[in-house]
Visitor: 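Can you keep this structure in mind? I'll have questions shortly.
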Amino acid sequence: MSTPFRPTSRWHDRGLRALCASSYCLPVLGFLLLLGAHGVALWFRVQPAVSLWFPPAGVSITLTLWLGPLGALLTGLASVIMAPFWGSSGWLQGMGLLDMVEPLVAWLLYRKLFRESLTLNTLRSVTVFLLSAPLTACFVSAVVGSSALYGLGRIPADQVFETVSHWWVGNAIATIVIVPLALLLLTRRLANWSWIPQLSAAAQAQQDLLFPLSVNRGLELVAIGLSAGLIALVTVQATYTSIFVTLQFALLGAIPVIWAACRFGVLGGVLVSDLAVLLTLVTYLLIYPNAIALPQFPVN
């Protein structure tokens, strides 16, 4: 009597191979995102190696929180490859490895020291993230990078403080915009795909506060988005007059963020705050269209 054909084992083996192969997807995609993020950052360059909007910082910290030190290694490799575009060629390309400091500091503080959740589902997690990543990690990166530039003679002593300030601001803004958005929207999905380790039961229980949406809540979201866009427009337009007027309009940017946080929870507030920053950056390029063609982003 012949044994019946059972394809279960073959399909099981294929499933295991697919699962193992999926572990390479996130590092590969993350590396490509890092390269693309460098291209975006070059548009907002204010000094040879400093940008007022540095998306690689946000991408690198996100990858490192998900993947551990591998994310920092990918960060360093991408920075070395892109170093010639930032004015570092030859052996100076190795300075790109200094970009590993920022994600490693954020990972060590947020994941290893405080052991916080990747889903940012508590006030403590959000607070620890802000202290660990945009404040501490980005500042340490700015100090280390600026010191290296000074030590190599690429910036004079009287520009060190300004370089640290611009470096920290550019990295911190990108970190605040990119990391919370990625953690809130993608972490659980990546865990379900086995691209990152499985989450704890508490993290899995986090609910998406935006959905389901009714028609009225959808219209409210549109109103919030339009108000954020209008405020971004008048804020950037005010740069033609004075910095004081610009700051006054910038304060209005808190209104749609608070509105969204009160009505749609943490995720709504994060989405709108990210939208406000992105709209401001895009509006700046629309009002100052020659900024892309300039060797440095215009700063008044």
Side-chain angles (χ1 to χ4, degrees), residues 30 33-34 36-69 71-80 82-83 86 88 95-114 116 118 120 125-151 154-155 159-184 250 270 273-274 276-278 280-281 297 299:
L33 283 174
L34 283 167
H38 273 278
V40 175
L42 288 168
W43 283 5
F44 297 92
R45 181 167 50 182
V46 293
Q47 291 177 245
V50 180
S51 173
L52 278 183
W53 163 244
F54 194 69
V59 177
S60 67
I61 290 176
T62 302
L63 287 175
T64 306
L65 292 180
W66 281 335
L67 300 173
L73 183 61
L74 293 173
T75 299
L77 179 60
S79 295
V80 169
M82 296 298 294
W86 294 96
S88 298
M95 282 188 59
L97 296 176
L98 294 178
D99 285 346
M100 297 173 59
V101 171
E102 185 172 79
L104 283 176
V105 170
W107 175 73
L108 287 171
L109 292 177
Y110 188 78
R111 293 293 287 163
K112 290 301 181 181
L113 180 61
F114 293 102
E116 288 300 325
L118 289 175
L120 289 177
S125 294
V126 174
T127 302
V128 172
F129 164 74
L130 292 175
L131 293 175
S132 302
L135 292 181
T136 303
C138 292
F139 181 74
V140 170
S141 173
V143 171
V144 171
S146 300
S147 299
L149 291 175
Y150 170 70
R154 297 193 58 189
I155 57 172
Q159 289 186 10
V160 172
F161 179 78
E162 180 184 24
T163 302
V164 170
S165 301
H166 286 164
W167 190 311
W168 173 71
V169 169
N171 287 29
I173 292 176
T175 298
I176 292 174
V177 169
I178 294 173
V179 180
L181 189 63
L183 295 183
L184 285 167
V270 170
S273 63
D274 289 357
V277 173
L278 293 175
T280 301
L281 291 169
F297 196 72
V299 179

Visitor: Roughly how far, to the nearest 0.5 Å, is the CD1 atom of I173 from the CD1 atom of I178?
Guide: 11.0 Å
Visitor: Find out whether L63 and W107 are in side-chain contact, i.e. whether some heavy atom of one side chain is under 4.5 Å from a heavy atom of the other.
Guide: no
Visitor: Over all heavy atoms of both residues, which pair between L118 and L65 is shortest? Give the atoms and the distance, please.
Guide: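 Here L118 and L65 meet closest at CD2-O, 3.5 Å.
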Visitor: Walk me through it: do S132 and E116 pass the test side-chain contact (heavy atoms from CB on, under 4.5 Å)?
Guide: CA-CA 11 Å; S132 302; E116 288 300 325; over 6 Å; no
Visitor: Would you please test E102 and T64 for side-chain contact (heavy atoms from CB on, under 4.5 Å) and show each step?
Guide: CA-CA 10 Å; E102 185 172 79; T64 306; over 6 Å; no
Visitor: What's the shortest heavy-atom distance between N171 and S141, and which atoms?
Guide: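 Residues N171 and S141, closest heavy atoms: ND2-OG, 3.9 Å.
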Visitor: For a side-chain contact (heavy atoms from CB on, under 4.5 Å) with F114, tell me which candidate from L108, V128, T127 qualifies.
Guide: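 It is V128, the one option of L108, V128, T127 that forms the side-chain contact (heavy atoms from CB on, under 4.5 Å) with F114.
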Visitor: Please report the interatomic distance CD1(I155) to CG(L149), rounded to the nearest 0.5 Å.
Guide: 5.0 Å
Visitor: Tell me, do C138 and W167 make a side-chain contact under 4.5 Å, heavy atoms counted?
Guide: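 A side-chain contact is absent here, since even the closest heavy-atom pair is not under 4.5 Å.
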Visitor: Mind listing the side-chain donor-acceptor pairs of residues 49-58 below 3.5 Å, one per line with the distance, residues two or more places apart or on another chain?
Guide:
| unit_1 | atom_1 | unit_2 | atom_2 | d |
| --- | --- | --- | --- | --- |
| S51 | OG | A41 | O | 2.9 |
| S51 | OG | F44 | O | 3.3 |
| S51 | OG | W53 | N | 3.2 |
| S51 | OG | W53 | O | 2.8 |

Visitor: Look at the side chain of S165 and the backbone N and O of F161, then say whether any donor-acceptor pair between them is shorter than 3.5 Å.
Guide: yes
Visitor: Evaluate the side-chain contact (heavy atoms from CB on, under 4.5 Å) criterion for residues S60 and M100: first the C-alpha distance (whole Å), next the side-chain angles of each, then the deciding distance (0.1 Å), finally the verdict.
Guide: CA-CA 8 Å; S60 67; M100 297 173 59; over 6 Å; no
Visitor: Mind running side-chain contact (heavy atoms from CB on, under 4.5 Å) on Y110 and S125 for me, showing each step along the way?
Guide: CA-CA 8 Å; Y110 188 78; S125 294; 3.6 Å; yes
Visitor: Indicate yes or no: at least one non-hydrogen side-chain atom of S79 is less than 4.5 angstrom from one of H38.
Guide: yes
Visitor: Count the heavy atoms belonging to other residues, nucleotides or ligands that lie under 6.0 Å from CH2 of W66, then report whether that count exceeds 12.
Guide: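 Counting neighbours around CH2 of W66, more than 12 heavy atoms of other residues, nucleotides or ligands fall under 6.0 Å, so yes.
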